[in-house]
**Student:** 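Can you read through this structure? Questions will come right after.
Throughout, residue positions are numbered sequentially from 1 according to the sequence presented.
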Amino acid sequence: MNKALRIYGEVLRLVRRLPADSRPYYAKYARENFVNYRELDDNDPAALQELFLRAYNHSVWVLNKYSVDQAAASKLKEICGGV
């Protein structure tokens, strides 16, 4: 759970790098996704790692969509386990 909260916090920090008009949408999107998956079994490391990988990949995709340097997600990559 602690790792998931760190990932969520980092995703929200990345949202702040997006254009102002798109921030509310992506902040809400991130929150909804983290809330939807909070019931995921903590004892299933494969499922958690897959979810963390999706969070990283989607974050990079959004950064690229808005031409934000992908290197901004390096801390997220580190938290997710070096994806």
Side-chain angles (χ1 to χ4, degrees):
M1 181 65 162
N2 201 14
K3 186 175 183 178
L5 290 175
R6 288 180 30 215
I7 291 171
Y8 177 63
E10 188 59 30
V11 167
L12 291 181
R13 281 191 267 301
L14 292 173
V15 166
R16 286 188 231 142
R17 294 175 172 263
L18 300 176
D21 61 331
S22 63
R23 289 178 198 159
Y25 171 80
Y26 285 105
K28 183 178 178 186
Y29 180 83
R31 177 163 170 52
E32 287 174 353
N33 274 284
F34 277 86
V35 167
N36 287 341
Y37 289 103
R38 72 176 161 206
E39 301 299 324
L40 195 65
D41 185 12
D42 291 345
N43 297 322
D44 187 356
L48 288 173
Q49 190 57 37
E50 179 183 333
L51 186 61
F52 297 156
L53 176 64
R54 282 196 337 218
Y56 172 74
N57 287 335
H58 187 73
S59 296
V60 168
W61 183 86
V62 171
L63 291 174
N64 285 335
K65 177 181 176 182
Y66 289 99
S67 301
V68 176
D69 186 11
Q70 179 176 325
S74 62
K75 186 172 181 184
L76 179 61
K77 183 177 184 179
E78 178 184 316
I79 296 170
C80 289
V83 187

**Student:** Nearest 0.5 Å, please: how far is CG in L12 from CZ in R23?
**Tutor:**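 So the CZ of R23 and the CG of L12 are separated by 12.5 Å.
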**Student:** List in chain and number order the residues that pass side chain to side chain donor-acceptor pair (under 3.5 Å) with R54, two or more places apart in sequence or in another chain; answer none if no residue qualifies.
**Tutor:**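 So R54 forms a side chain to side chain donor-acceptor pair (under 3.5 Å) with Y37.
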**Student:** Provide the closest heavy-atom pair for V11 versus A30 in the form atom of the first, atom of the second, distance.
**Tutor:**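 Minimum heavy-atom contact is CG1-CB, 3.8 Å.
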**Student:** Should R13 and E10 count as an ion pair when the cut-off is N to O under 4.0 Å?
**Tutor:**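 The answer is yes: the pair qualifies as a salt bridge.
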**Student:** Listed by chain and number, what are the side-chain contact (heavy atoms from CB on, under 4.5 Å) partners of L48, not counting sequence neighbours?
**Tutor:**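 Result, side-chain contact (heavy atoms from CB on, under 4.5 Å) vs L48: L40, F52.
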**Student:** Name all residues meeting the side chain to side chain donor-acceptor pair (under 3.5 Å) criterion together with R31; count only those two or more places apart in sequence or in a different chain, and write none if there are none.
**Tutor:**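 Not a single residue meets the side chain to side chain donor-acceptor pair (under 3.5 Å) criterion with R31.
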**Student:** Got a sec, which residues hit salt bridge (charged side-chain N to carboxylate O under 4.0 Å, His left out) with R17, two or more places apart in sequence or on another chain?
**Tutor:**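 R17 satisfies salt bridge (charged side-chain N to carboxylate O under 4.0 Å, His left out) with no other residue.
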**Student:** Taking atom CG of L76 and atom CZ of R6, what is their separation to the nearest 0.5 Å?
**Tutor:**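 Result: 10.5 Å between the selected atoms.
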**Student:** Kindly indicate, with the supporting measurements, whether the criterion side-chain contact (heavy atoms from CB on, under 4.5 Å) is fulfilled by C80 and I7.
**Tutor:** CA-CA 7 Å; C80 289; I7 291 171; 3.7 Å; yes
**Student:** Could you pull out all residues at least two apart from Y25 that satisfy ring pair (Phe, Tyr, Trp, His ring centres under 6.0 Å)?
**Tutor:**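 For Y25, no residue satisfies ring pair (Phe, Tyr, Trp, His ring centres under 6.0 Å) once neighbours in sequence are set aside.
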**Student:** Could you list the donor-acceptor pairs under 3.5 angstrom formed by side chains in residues 58-69, with sequence neighbours left out?
**Tutor:**
from	atom 1	to	atom 2	distance (Å)
S59	OG	A55	O	2.8
N64	ND2	V60	O	3.4
K65	NZ	Y26	OH	3.3
D69	OD1	A71	N	3.2

